[in-house]
Amino acid sequence: MSRQPKPMNPRYFPEDFQWGVATSAYQIEGAANEDGRGPSIWDTFSHTPGKVVDGHTGDVACEHYHRVEEDLDLLVALGVNAYRFSVAWPRVLPSGRYPVNAKGLDFYDRMLDGLLARGLRPHLTLYHWDLPQALQDEGGWANPETIQHFADYAEVVARRLGDRLESITTFNEPWVVATLGHEKGIFAPGLTDRRLAMQVSHHLLMAHGLGVQVLRTIVPRVKLGIVLNMAPTHPARLNAVDRAKAQLEDGLLVRWYMDPLFRGHYPQDVLNHLGADAPDVKPEDLRLIRQPIDFLGINYYTRNVVHAEDPSATPPGEMGFTDMGWEVYPQGLTELLVRLTRHYNPPPLYITENGAAFVDRLEGDRVHDVERVRYLETHIGAMAEARAQGVDIRGYFAWSFLDNFEWALGYLKRFGIVYVDYDTQRRVMKDSAHWYRDFIASQRIWQPSVSGA
Ligand code: FCB
């Protein structure tokens with residue numbers, strides 16, 4: 001029943017399509033205690049025994065903070081024309097609120113100049129999970145005051161950096177922040193309270209809305225949007241119980257975020273399911289959340305397959321599994337993109353993350369990561385198929401530029417197309433990086449147009 005993606009036709013992608021790689025601050029920067037940076041909830045979490053495998057932390061990570069020039073040169077070697085990164089809120093506002101730490105902003109200021117000097121388009125994310133610990137001490141995202149603190153932070157960043165940005169993303173993956181951070185407890189701040197998690201999800205969406213309002217007035221020319229992690233959810237069996245479960249899971253992952261952002265309400269079936277755990281929502285909150293935005297970012301890794309009685313049931317995995325245990329399922333990307341376009345009529349889309357962890361072996365100057373090459377090739381093919389079906393996609397960002405701190409799994413999982421030897425901090429382009437560079441170059445040679453003319 002699974003449909004393989006069509007072979008990729010490079011002519012599907014126009015000349016101005018953005019090809020990039022993505023990172024986030026806490027996963028690569030290191031320099032956790034330098035130049036006035038304050039602690040974030042991920043510093044606290046990773047330094048709490050038992051939370052991250054082998055006690056790994058982001059204290060050093062890829063030392064990107066000190067190697068930024070070398071890393072920007074590497075972006076040039078990759079041949080990308082865009083770069084997605086995040087700003088560490090606690091570098092800019094160490095206590096989460098004023099005063100500003102000038103050295104923190106200076107770092108991103110230099111990075112932007114370096115990107116523009118190299119002809120790369122900067123895509124900035126404001127919140128990739130590193131809330132200043134001082135705000136967590138006051139309740140974090142469960143406290144509605146954090147919404148205003150976020151808007152103030154957005155303003156500080158936009159005033160200093162906005163003149164050189166292609167886009168600003170308010171939030172990366174609010175589902176992860178709310179559900180993995182506040183319900184499942186496996187990510188910072190490590191809480192396990194579903195009622196609180198749902199209230200947090202609502203506050204994150206409100207902070208997105210307020211952030212967009214503030215940013216519009218300061219940087220009217222910068223594209224503004226949000227990044228959601230999404231996937232199709234399929235029933236393991238075609239019976240009523242699995243279908244009902246798949247419907248609910250889809251509600252919690254996709255519709256819980258897409259409906260308020262684009263339709264102005266939460267999905268009723270999910271509200272019914274949540275009962276007393278549903279968040280407190282005022283009508284004006286929903287108006288705030290539904291701000292016009294210029295793009296929607298989609299992070300896609302795999303699909304979900306759900307079985308009503310057996311939560312550990314594994315999907316078929318005809319194309320195998322990654323080192324995360326995630327099924328390789330490129331056609332799910334086409335399915336998701338086509339569905340979102342038909343049901344929500346969203347603004348232009350970017351694939352803001354897509355990639356895979358595999359066990360890599362450094363052999364001299366090479367890493368022969370054939371599985372990652374295949375993963376990228378088939379998913380770019382699946383994106384091309386969605387474009388052929390009328391989906392408006394403007395860019396693709398491979399996750400990730402570098403191997404990095406993979407949250408609760410520390411440095412054990414390698415997602416980079418560039419290998420990082422953590423003992424020496426040497427960077428080595430994997431075969432997937434060479435493949436991606438050649439693929440992007442082939443797009444330029446073709447000079448394709450969407451119409452294929
Ligand atoms: C996404 C995150 C990103 C990275 C990838 C593997 O959920 O946004 O930071 O961890 O997964």
Side-chain angles (χ1 to χ4, degrees), residues 20-30 40-43 45-46 51-53 56-58 61-62 64 83-89 123-131 167 169-184 186-188 201 204 208 225-231 252-254 257 296-304 321-329 332-333 336 350-360 369 371-372 375-376 379 396-418 420 430 432:
V21 286
T23 61
S24 86
Y26 190 69
Q27 294 180 277
I28 64 166
E29 284 181 1
S40 82
I41 57 173
W42 268 97
D43 294 282
F45 191 75
S46 65
K51 298 296 187 191
V52 175
V53 285
H56 291 175
T57 74
C62 307
H64 173 70
Y83 178 52
R84 173 176 182 250
F85 64 97
S86 80
V87 169
W89 184 346
H123 294 262
L124 180 151
T125 300
L126 287 167
Y127 191 78
H128 202 124
W129 308 352
D130 44 359
L131 186 74
S167 81
T169 291
T170 52
F171 286 87
N172 178 70
E173 303 189 347
W175 178 89
V176 169
V177 176
T179 302
L180 300 189
H182 296 79
E183 180 184 338
K184 311 272 183 217
I186 59 175
F187 281 9
S201 73
L204 292 170
H208 158 78
I226 188 168
V227 167
L228 303 179
N229 54 302
M230 289 191 279
L252 285 159
L253 178 68
V254 174
Y257 294 92
L296 171 67
I298 292 166
N299 293 353
Y300 178 81
Y301 289 94
T302 188
R303 67 166 163 170
N304 297 319
F321 296 86
T322 73
D323 192 31
M324 299 290 279
W326 297 346
E327 184 188 22
V328 178
Y329 193 74
L333 178 58
L336 175 70
Y350 288 85
I351 306 302
T352 34
E353 288 180 26
N354 175 240
F358 289 107
V359 178
D360 294 317
D369 57 338
E371 292 170 293
R372 189 174 290 102
Y375 184 98
L376 294 178
H379 284 77
Y396 173 91
F397 295 81
W399 183 274
S400 182
F401 174 26
L402 304 169
D403 290 336
N404 60 49
F405 176 79
E406 179 44 38
W407 308 113
L409 299 173
Y411 300 97
L412 297 190
K413 303 295 174 191
R414 293 180 176 271
F415 272 93
I417 62 170
V418 173
V420 176
K430 302 179 191 177
S432 54

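Every heavy atom of this structure was used, including side-chain atoms; hydrogens, water molecules and symmetry mates were not. It should be emphasised that the depicted structure is a prediction, and the values quoted were computed from it without experimental measurement. Counting starts at 1 for both ligands and their atoms, following the listed order.
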Is Ser24 in polar range of ligand 1, meaning some N or O pair under 3.5 Å apart?
no
Nearest heavy atom to atom 5 (C) of ligand 1 wins, so pick from Trp326, Tyr301, Trp129.
Tyr301
For Phe415 and Tyr301, take the angle between the two ring planes, folded into 0 to 90°, and tell me which bin it lands in: parallel under 30, tilted 30 to 60, perpendicular over 60.
perpendicular
I'd like to know if Asn172 contacts ligand 1, where contact means a heavy-atom distance under 4.0 Å to any ligand atom.
yes
Per-residue contact class, Met324 against ligand 1 - non-hydrogen pairs under 4.0 Å
neither
Examine the side chains of Thr23 and Tyr83 and answer whether a donor and an acceptor come within less than 3.5 Å of each other.
yes
Trp407 neighbourhood, listing ligand 1 atoms whose heavy-atom distance to it stays under 4.0 Å:
3 (C), 4 (C), 9 (O), 10 (O)
When distances are taken from atom 10 (O) of ligand 1, the protein heavy atom at minimum range is Glu406 OE1, 2.7 Å
Kindly assign one of parallel, tilted or perpendicular to the pair Trp407 and Tyr26, based on the angle between their ring planes and the thresholds 30° and 60°.
parallel
Any chance the side chains of Ser167 and Tyr350 put a donor and an acceptor closer than 3.5 Å?
no
For Val420 against Cys62, the heavy-atom pair lying closest together:
CG2-SG, 4.4 Å
Please work out which of Lys413, Gln27, Glu353, His128 has its closest non-hydrogen atom nearest to atom 1 (C) of ligand 1.
Glu353
Can you tell me the protein heavy atom closest to atom 7 (O) of ligand 1 and the distance?
Glu173 OE1, 2.5 Å
Residue Phe415 vicinity, atoms of ligand 1 by number, heavy atom under 4.0 Å
6 (C)
Taking NZ, NE, NH1 and NH2 as the nitrogens, is one of them in Asp369 or Arg414 under 4.0 Å from a carboxylate oxygen of the other?
no
Salt bridge or not for Lys430 and Asp403, using N-O below 4.0 Å?
yes
